[in-house]
There are 2 protein chains.
Amino acid sequence: MVCPSPDQMMTAIRHPVTRKKRPVNTMAGKQDQYFSKTLEKGLSILNLFGRENPSRSLTEISTLTGINKTSTYRMVNTLVQLGYLRKNITDKSLRIGPKAFSLGHECFHGFDIYQGIKPIIDKTFFEHHISIDSALIDGYKLISLYRREMPNLVSFHLPLIMDELYARAMGKIVLANLGPDDLEHYFADLAPQKLTSHTLVDIDEIRKDIRNTRTRGYSINNKEYMTGVISIGAPMMNLQTKSVVGAVSLDFPSKEYSLDAIEKQYISVLLTLATEASDLITTAGIRQ
Amino acid sequence: MVCPSPDQMMTAIRHPVTRKKRPVNTMAGKQDQYFSKTLEKGLSILNLFGRENPSRSLTEISTLTGINKTSTYRMVNTLVQLGYLRKNITDKSLRIGPKAFSLGHECFHGFDIYQGIKPIIDKTFFEHHISIDSALIDGYKLISLYRREMPNLVSFHLPLIMDELYARAMGKIVLANLGPDDLEHYFADLAPQKLTSHTLVDIDEIRKDIRNTRTRGYSINNKEYMTGVISIGAPMMNLQTKSVVGAVSLDFPSKEYSLDAIEKQYISVLLTLATEASDLITTAGIRQ
DNA sequence: ATAGCTGTTACTGTTATAGTAACGGATTGG
DNA sequence: CCAATCCGTTACTATAACAGTAACAGCTAT
């Protein structure tokens, strides 16, 4: 289970399902005194900007976040005044500002897990010459952590935040290690997309695949996310709380590697890597 | 002038001096309806974390930000719930969370100025084999933008946000291009530190240096920030508003280069670079 | 056992924010 | 050329969210 005790719940990353309940404003659960909605809104605005979306308008932000236009204006104005966003004088379009840039730099390089996993992955990369990926769970999404890619692999520009857990090696092994309740929550509002001809879109098939993954101990993605790419994934576990917090995967071009060959040769590499990553995570105290 | 018209003032990055007035709560100026203090606080907390300070305690955050402990708790709790920070269960110490990591990544790589200046600096770097630095103004600080360093230079790990404008090539040229009012504001609460034996600490000397820099058109830092490093700097100007928004600098090891030689050989390189950077800045619409 | 740290919670007055509505400027289309 | 929309910005008010005091609980060291 992701949120076993009330104590852990506070510390844990807030669950998407739990979050959804908030707007309902059910008077039963007292409105968390110690949660700032304003800050949440401000950050959700900042999150709309990135490599893919460098520029946005006020109304765009308002509709995307669901925040009232005036409130959006207040938040945006604050961010502009503080330098996190900047505003084009003529068309009033908004872009990332210098302050967000420096904050970003600090947050990225100051993230201890990133600094910790880098050498681990690099080592495996140079030893075995294979593409390696790693990610952390956030709700029902994966946040890309660190990646090394061989030139033989079709360089696919990974999004930083990954949906489609059902179609990815890292996603599958995460799902396989979730508690039954969390897994059900995931399936509850799952609408699988056919990304390649191999993608599983039938819920029952996906369920079976997850069960197999669980007993197998590692996950297999046989060209289900991208044609020409076969991956195997293993979980990053917090060994104290016995919960998944992320995953690592090895990616191969299907032209050069058969699934059989991969399973024969690289499972031990994968599992060793996963163990090292799990140790790191456990001492760092990342919890689901 | 940094804030010439009320219209620009809103769009501009908020001036440190202007900001200071806020807490005085002078009833004369109506409390900005469209500025969220809560968001400001939340972001100021996030800013306390970085490569240098990966872990902090609640009281530490409270004292550093000057925010009441309970409010700090609320903000921190929010950030933890949203995944921007994470909390060690045992000692309750706080660290950067996965969400801040991904936000950071997006803000860093989504910053168009960074993407734009990279090729410009790279080109000059590969053509002339010299160390190059660039930065943007934020208040009276410089935010490091992009840097390429030659191995012959004592690799000094630059802080991302730079104070000590008076002792740096990029700082001096920025000061030299400020409006008289802004420059006075800068000098008003300046307490120069003697960083090397060459650092100017006498205010009048610094003033004279800034005047010389202004007429010269570029700045010179003769081992005033670091022993063994000579730099020359030129401004990044918004050519429409005729205001400084940042600076570029070329850095040389004093063992291999004399100041004379640098001025003879590299001023044109510097100014060309500055022009290209200014063009970028102007089209991007960065304003002071 | 006690003192002195933490972080956490209860409680309350007030203020900061949400949200409606209206405004002005720019752009579009008839 | 004027109406119709779009956009961002502002005025205004009820109310929910927040600030801040103070007390509490858990931990450590003396």
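The model shown is predicted, which means the values in this text are computed figures rather than measured ones. Below, each value reflects all heavy atoms present in this structure, side chains not excepted, and no hydrogens, waters or symmetry copies. In the text below, chain A, chain B and the rest are named by the order of the sequence lines, each starting its count at 1.
Put simply, the side chain of Val244(A) does not reach to within 4.5 Å of the side chain of Ile173(A), judged on heavy atoms. Side-chain atoms of Tyr146(B) and Val248(B), non-hydrogen and from C-beta on, never get closer than 4.5 Å to each other. Residues Tyr34(A) and Thr70(B) have side chains in contact (heavy-atom distance under 4.5 Å, counting atoms from C-beta outward).
Straight-line distance from the CD1 atom of Ile89(B) to the P atom of dG7(C): 16 Å, rounded to whole Å. Nucleotide dC18(D) holds its P atom 12 Å from the CG atom of Leu39(B), rounded to whole Å. One interatomic measurement links the two molecules: CD1 of Ile67(A) to P of dT20(C), which rounds to 14 Å at whole-angstrom precision. Rounded to whole Å, the distance from CG on Asp32(A) to C1' on dA16(D) is 14 Å. Atom CD in Gln33(B) sits about 8 Å away from atom C1' in dA11(D), given to the nearest Å.
Remark: Asn68(B) is in phosphate contact with dT21(D), judged by side-chain N or O atoms under 4.0 Å from OP1 or OP2. An OP1 or OP2 oxygen of dC7(D) is reached within less than 4.0 angstrom by no side-chain nitrogen or oxygen of Lys87(A). Phosphate contact (OP1/OP2 of dA18(C), side-chain N/O of Lys41(A), threshold under 4.0 Å): present. Contact between the side-chain N/O atoms of Thr59(A) and the OP1/OP2 oxygens of dG8(D) is found at a separation under 4.0 Å. Within the structure, a side-chain polar atom (N or O) of Tyr73(A) is placed less than 4.0 Å from OP1 or OP2 of dT10(D). The phosphate of dA16(C) has neither OP1 nor OP2 within less than 4.0 Å of any side-chain N or O from Ser36(B).
Note on residues 88-107 of chain B: pairs passing ring-ring contact (aromatic ring centres under 6.0 Å, His included), not counting sequence neighbours, are Phe108(A)-Phe101(B), Phe108(A)-His105(B), Phe111(A)-Phe101(B), Tyr114(A)-Phe101(B), His105(B)-His109(B).
Residues satisfying the salt bridge (Lys or Arg N to Asp or Glu O under 4.0 Å) criterion with Asp163(A), sequence neighbours excluded, are Lys141(A). Judged as a side-chain hydrogen bond (donor to acceptor under 3.5 Å, both in side chains), and not counting sequence neighbours, Glu164(B) has no contacts. Every residue was checked against the salt bridge (Lys or Arg N to Asp or Glu O under 4.0 Å) condition with Asp91(A), not counting sequence neighbours, and none meets it.
Positionally, the nearest nucleotide of DNA chain C for Leu58(B) lies more toward the 5' end than for the other of Leu58(B) and Met75(A). Place Asp91(A) and Arg74(A) on DNA chain D by their nearest nucleotides, and Asp91(A) ends up nearer the 5' end. Taking for each of Thr38(A) and Glu60(A) the nucleotide of DNA chain D with the nearest heavy atom, the 5'-most of the two is the partner of Glu60(A).
With axes fitted over five pairs at each extremity, the angle between the ends of the helix from dA1(C)-dT30(D) to dC23(C)-dG8(D) is 50° (10° resolution).
Residue Gln115(B) places its CD atom among more than 12 non-hydrogen atoms of other residues, nucleotides or ligands, all under 6.0 Å distant.
Evaluation of atom-type donor-acceptor distances gives a pair under 3.5 Å for the side chain of Tyr34(A) against the base of dA10(C).
Across dG8(D), dA19(D), dA17(D), the shortest atom-to-atom separation from the side chain of Lys37(A) is found for dA17(D).
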Checklist outcome for this item: Its contact letters, B for base, S for sugar-phosphate only and - for none at protein heavy atoms under 4.0 Å, make nucleotides 22-30 of chain D read B--------
